[in-house]
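Keep in mind that the numbers below use all heavy atoms, side chains included, and drop hydrogens, waters and symmetry copies. Every value quoted in this text rests on a predicted model; they were computed, and no experiment measured them. Below, chain A is the first sequence line, B the second, and so on; all start at residue 1.
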Protein chains: 2
Amino acid sequence: MRRKSGDKEKRIADAAIRVFGRDGYHGAKITRIAEEAGVATGSVYLYFRNKQSILQYLFAKLWKELHVGFAYVAQQADLDPRTKVELIIDGILDQFEKNPSLALLFVNEQTQLLRDGTGEFMQYYVDFLQLGERVVRDGIRKGVFRPDVDPRIFTNLVFGATRQLLHQWARAPRQFPLDTVRREIKAVFFGGLLIPLSSTAPRA
Amino acid sequence: MRRKSGDKEKRIADAAIRVFGRDGYHGAKITRIAEEAGVATGSVYLYFRNKQSILQYLFAKLWKELHVGFAYVAQQADLDPRTKVELIIDGILDQFEKNPSLALLFVNEQTQLLRDGTGEFMQYYVDFLQLGERVVRDGIRKGVFRPDVDPRIFTNLVFGATRQLLHQWARAPRQFPLDTVRREIKAVFFGGLLIPLSSTAPRA
DNA sequence: GTTAAAAATGAATCGCGGTTCAAATGTACT
DNA sequence: AGTACATTTGAACCGCGATTCATTTTTAAC
């Protein structure tokens, strides 16, 4: 007999992140992924059913990790809503901080999977959005957030804004330091753009 | 001799918007576009060099129109910065209000063109972002906007958030009425999520 | 009514790349 | 030091769909 070398699956997955991220799902060639993984073309099919399933696997893994973090934050009863929102934003950014390719994949190829609405990751994705809604709704109930904000729309606003900046950052990390991005997202979403009319200056 | 029937180019372009929007750039088949345009397959190539150039044409047209509106708004000396930002947001939403397919195209396939960084639309795109920055910077100088907001990041935040909601709206117009979206975007970006600590309740 | 040239057609072509599979290779056990 | 069987290989296969082009249709000029 003979045992699978063990790290091949991971090597293929990592290479796929880079190639999908660089060339896009359709531009990515299986042969290239195999090459970057240091593996024969056919070997890819020992670990994944087909091209599509590689992408599905990567997204399922990614969203599962994000989801775990969110669920943990959301259920903490002693955290105030504002901190929860901050931690969720941090959670997303932390996930990509060390891996620009993953960020590009995340931002660019999600539609690829969203289109047919299938796949394991879908469940985590909708769950995440609902979780965000609940946190906002909770904040409103506790009188910390504005009552005229629509929780579902707000969640999408934050998510969309974060995606866009993640994209810019991944394309040119120098021009968009993640720490600045992090700070600005929070500042804007919490405090808004306008200087309040009648109050002492609030902090960012 | 014989003259081109004249409306074929437009019929093809319109069909392309629908098919690209529905099936995505790579899922879209030329034969299908021709069919929906009521034209033979080969005719598509009388009006466009190839598939890619159809997408380029559509984006160039779209961004040109957006850009014209923005440039007009931005140069108005008598408008206050806040109104300018509002008008820019309105400009984007107006463009898609009557055409969900165009919105899907806009949101999903931009990366397709961004990837090789070429194409006529690129020029209008970067110009638009710079224009947004200038408006924000102007607002800060006039003391209307918070000075600690980074204009470039803010522009991307608004743009990303708008894209995401446009996407949700186009997928399910019922669940996300554009008027609500419009109002919420402005409310959040101007006023933020938090209830100000020491002030009379500000308006949305 | 005839002609000439452009416009339109759509079946055939052709290359690309995802997928397969017969052959080669490595490993454990005897 | 050989056998059995799982893993690995990569060249060949095959379908799909963008693009082409020989043929047909339309129109304008005479």
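Whole-Å rounding puts the B/K8 NZ to C/dA8 C1' distance at 7 Å. Nucleotide C/dG10 holds its P atom 11 Å from the CD atom of B/E35, rounded to whole Å. In this structure, the NZ atom of B/K51 is 17 Å from the C1' atom of D/dT20, given to the nearest Å. Between B/I33 atom CD1 and D/dT19 atom C1' there is a gap of 14 Å when expressed in whole angstrom units. Taking atom OH on A/Y47 and atom P on C/dT19, their separation rounds to 18 Å, with Å as the unit. Here D/dT7 presents its P atom at 8 Å from CG of A/L46, a figure rounded to the nearest Å. Separating the CZ atom of A/R32 from the P atom of C/dG18 is a distance of 13 Å, rounded to the nearest angstrom. One atom, OH of B/Y25, and another, P of D/dA18, lie 8 Å apart when rounded to the nearest Å.
Taking every side-chain heavy atom of B/K29 into account, D/dG17 is the closest of D/dG17, C/dA11, C/dT9. Comparing D/dA11, C/dT9, D/dT20 against the side chain of B/S43 picks out C/dT9 as the nearest. The side chain of A/V39 approaches D/dT9 more closely than any other nucleotide in the set D/dT9, C/dT20, C/dT9.
Here A/Y125 and A/F59 keep their ring centres 6.0 angstrom or further from each other. Here the two rings, on B/F159 and B/F128, have centers that are under 6.0 Å apart.
Using a cut-off of 4.0 Å between Lys/Arg side-chain N and Asp/Glu carboxylate O, B/E109 and A/R115 are scored as salt-bridged.
Ring geometry for B/W63 against B/F106 counts as tilted: the plane angle lies between 30° and 60°, on a 0 to 90° scale.
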